[in-house]
Amino acid sequence: MGVLLLVVIALLGRVEDWRSYTPLAGGGGYGGESSHVHEEKPAGIIRWLTTVDHKDIGMLYGTYAIIAFAVGGLMAVGIRLQLITPEGTAFGNQFYNAILTSHGITMLFLFGTPIIAAFANYFVPLLIGADDMAFPRINAIAFWLLPPGAILIWAGFFLEPLTGGTVQAAQTSWTMYTPLSAEQVNPGVDLMLLGLHLTGVSATMGAINFIATIFTERGDDVNWANLDIFSWTILTQSALILFAFPLLGSALVMLLMDRNLGTLFFAQEGGGAMLWQHLFWFFGHPEVYILVLPPMGIVSLVLPKFAGRKLFGFKFVVYSTLAIGVLSFGVWAHHMFSTGMDPRLQASFMAVSLAIAVPSAVKTFNWITTMWNGSIRLTTPMLFCIGFISNFIIGGITGVFLASVPVDLLLHDTYYVVGHFHYIVMGAIGFAVFAAIYYWFPIFTGRMYQKKLGKWHFWLSMVGTNVTFFAMLLLGYLGMPRRYATYEIAGSVAPLDLITLSHQAASVGALILLIGQIIFVWNFVQSWLEGPEVDDGDPWDLEETGQKTKEFEWHEDRISTALTDGGEEEDETVATDGGSVNEARDTSSERRSDGDDNAVEN
């Protein structure tokens with residue numbers, strides 16, 4: 001691993017300075033307006049290995065995250081196939097435990113955080129009028145820590161057949177509770193812990209970079225009062241990362257020392273198993289808000305564009321974002337109500353856990369009020385924003401129940417917790433990610449996606465999400481514990497037939513979700529390669545409502561200059577189809593992008 005990192009650093013070291021390209025090979029590309037970027041970039045694979053351009057790095061993050069999403073999603077489908085019948089249908093218990101562990105870690109650490117970094121890297125500098133990130137080379141290093149992290153996390157699956165079972169995939173669950181994680185004699189656990197450590201270092205480096213960029217690189221016309229809501233949420237998220245991820249790194253190092261050096265941090269003679277839970281959840285619950293705050297910012301940015309109105313209560317949305325950031329560090333022990341902690345501590349953590357629902361509710365009412373009496377266009381990004389709000393309401397309300405000590409003691413470690421958590425992670429965060437992909441698709445591809453396939457993707461995702469995770473909420477009320485590969489439950493606890501039927505419903509919903517994501521991948525790839533070119537700098541007609549933001553102004557400038565690879569800007573501005581820009585705009589202005597025929601007056 002050290003050799004690999006040295007190779008990456010050596011390649012990056014061939015760049016002359018922190019804010020420039022030194023072409024390592026022939027070829028070039030669009031250089032943009034930035035004084036910090038040369039007009040030419042290296043060509044081919046060298047470009048992507050050595051790039052320090054925030055847009056290129058955003059594309060790398062996005063590609064990495066979508067691959068991780070596909071891997072984690074297939075693991076989830078495997079889990080659901082296993083649970084169709086009580087005795088299990090797909091895997092043995094050990095392999096089930098392995099994919100259960102890797103699914104959670106993959107979705108949270110390899111998809112959730114990187115996909116947000118993809119949007120933030122590409123669009124935050126554009127939104128705030130910056131030339132690039134404050135530290136472009138650190139930005140590149142932060143990304144290149146992720147692929148080896150993923151390889152280490154998944155290493156056990158590949159090494160088990162090569163080592164005759166000596167090295168296996170980790171089977172600790174994504175929470176890695178001790179003493180289980182400390183006592184498993186399996187080098188695959190050590191590899192997973194090292195991979196997690198690399199992802200944490202990557203996230204911390206990225207957070208420092210975003211904070212420095214937003215504080216120091218804003219354009220002259222961007223101040224704290226008119227900073228866009230997405231950048232506010234990225235700033236808050238980055239602050240949370242700075243306080244949360246180093247603690248996770250410290251806990252991982254202590255666990256590695258317990259496993260390999262004979263220390264007793266998490267043994268009964270030392271801090272005990274409770275120490276791990278406190279350290280992990282002090283990171284783990286802020287991590288939920290690290291993942292959900294930027295999607296909230298995406299919805300706050302995108303939804304007004306298709307409601308024909310500016311975001312209602314912008315200041316309150318900003319203040320609620322900051323309030324969530326502060327309160328998120330005071331709720332971690334609501335994951336530990338069943339451990340027998342002092343009732344006075346239970347009461348205090350319950351109070352803060354209930355209080356943090358207030359700023360989330362503020363955002364929800366602001367989104368609904370923004371749509372009220374608006375001129376709504378049901379484009380694909382707008383549909384995913386509305387889906388986000390509805391799923392977030394269900395996920396949030398079910399979370400309020402779990403914040404209450406008596407209810408949590410009944411539902412702790414049941415499928416109710418799984419359903420609540422996934423309503424937030426897939427139903428909310430996932431939907432906001434898709435809204436952002438479709439909204440910004442014309443910018444990072446220069447093309448438009450297929451509108452009908454986009455809406456098929458939404459409806460299949462919406463139906464699949466609610467069928468799957470509502471069935472899990474019902475399973476929790478029936479007393480079904482989570483993380484089990486088989487379930488022979490006595491009739492005195494709950495009707496086994498009803499539990500089996502609920503599991504089967506959840507599995508059907510997962511397959512519907514899978515079909516939706518296959519449509520998304522096809523639409524994404526095919527449209528990027530062959531979709532109609534966007535020759536309009538305002539593909540969503542945002543100028544009509546005065547909501548054209550800086551990234552689309554940059555996009556319009558890019559179209560108007562229309563530089564070809566290796567070319568220079570000509571005196572006469574030309575459009576990509578060979579006609580004048582004005583002619584292209586006149587033609588394109590007659591077309592309404594995705595969903596114009598679905599305009600609704602409330």
Side-chain angles (χ1 to χ4, degrees), residues 54-55 58 115-134 206-207 209-240 290 292-325 359 362-363 366-367 369-371 374 381-382 384-385 388 432-433 435-444 537-558:
H54 68 98
K55 298 183 292 297
I115 194 65
I116 292 168
F119 296 125
N121 268 283
Y122 200 111
F123 292 105
V124 164
L126 300 181
L127 286 165
I128 67 175
D131 295 315
D132 204 313
M133 297 290 286
N209 213 346
F210 285 123
I211 292 173
T213 299
I214 295 172
F215 267 88
T216 65
E217 300 294 318
R218 299 193 311 274
D220 294 336
D221 59 336
V222 179
N223 53 40
W224 293 114
N226 62 12
L227 182 67
D228 67 279
I229 188 63
F230 180 59
S231 296
W232 270 112
T233 57
I234 290 296
L235 181 63
T236 308
Q237 180 219 35
S238 299
L240 296 184
I290 286 169
V292 82
L293 280 176
M296 287 177 170
I298 289 170
V299 171
S300 300
L301 182 75
V302 174
L303 183 138
K305 305 296 190 290
F306 302 104
R309 300 179 58 191
K310 292 187 177 180
L311 180 65
F312 178 84
F314 178 87
K315 288 185 178 179
F316 284 95
V317 177
V318 173
Y319 295 150
S320 63
T321 298
L322 299 175
I324 289 174
V362 167
K363 293 176 181 293
N366 279 357
W367 295 326
T369 309
T370 301
M371 292 188 288
M382 184 63 165
F384 273 105
C385 287
F388 170 98
V433 165
I437 289 174
Y438 286 112
Y439 176 65
W440 281 318
F441 194 86
I443 291 183
F444 61 79
D538 186 17
W540 300 116
D541 296 326
L542 304 178
E543 208 152 14
E544 293 180 5
T545 55
Q547 296 195 73
K548 187 175 180 182
T549 41
K550 285 181 175 293
E551 80 274 28
F552 280 99
E553 294 174 0
W554 172 84
H555 177 57
E556 188 171 33
D557 291 340
R558 178 175 61 175

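Counting from 1, the numbers follow the sequence of the chain as shown. Just so you know, these numbers use all the heavy atoms, side chains as well, and skip hydrogens, waters and symmetry mates. Worth saying up front: this structure is predicted, and the values here are computed from it rather than measured.
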Notebook entry, point to check: Do side-chain atoms of Gln547 reach the backbone of Arg309 as a donor and acceptor pair under 3.5 angstrom?
Noted result: yes

Next item on the list: Give a yes or no answer on whether the side chain of His555 reaches the backbone of Gly537 with a donor-acceptor pair at less than 3.5 Å.
Entry: no

Notebook entry, point to check: How close do Ala225 and Phe314 get, heavy atom to heavy atom, and via which atoms?
Noted result: O-CE2, 4.0 Å

Margin query: Show the nearest heavy-atom pair for residues Pro304 and Val299, with the distance to one decimal.
Written below: CD-O, 3.8 Å

Between [X] and [Y], is any pair of side-chain heavy atoms under 4.5 Å apart?
X	Y	result
Asp221	Lys550	yes
Phe552	Pro539	yes
Ile229	Val318	yes
Leu240	Leu293	yes
Ile214	Trp232	no

Next item on the list: Quickly, which of Phe306, Trp440, Phe441 forms a ring pair (Phe, Tyr, Trp, His ring centres under 6.0 Å) with Trp540? Name it, please.
Entry: Phe306

Check: Who pairs with Trp367 by side-chain hydrogen bond (donor to acceptor under 3.5 Å, both in side chains), at least two apart in sequence or on another chain?
Finding: Ser300

Which value, rounded to the nearest 0.5 Å, describes the distance between [X] atom [atom1] and [Y] atom [atom2]?
X	Y	atom1	atom2	answer
Ile128	Asn223	CD1	CG	12.5 Å
Leu301	Phe230	CG	CZ	8.0 Å
Ile298	Phe119	CD1	CZ	5.5 Å
Ile116	Ile290	CD1	CD1	9.0 Å

Check: Passes side chain to side chain contact (heavy atoms under 4.5 Å, CB included), Lys363 versus Thr321? Steps please.
Finding: CA-CA 8 Å; Lys363 293 176 181 293; Thr321 298; 2.4 Å; yes

Next item on the list: Classify the ring geometry between Tyr438 and Phe384 as parallel (under 30°), tilted (30 to 60°) or perpendicular (over 60°).
Entry: parallel

Checklist line | Side-chain H-bond candidate by donor/acceptor type, Thr545 with Lys305, under 3.5 Å | finding: no

Checklist line | Any residue meeting salt bridge (charged side-chain N to carboxylate O under 4.0 Å, His left out) with Asp220, in chain and number order, not counting sequence neighbours | finding: none

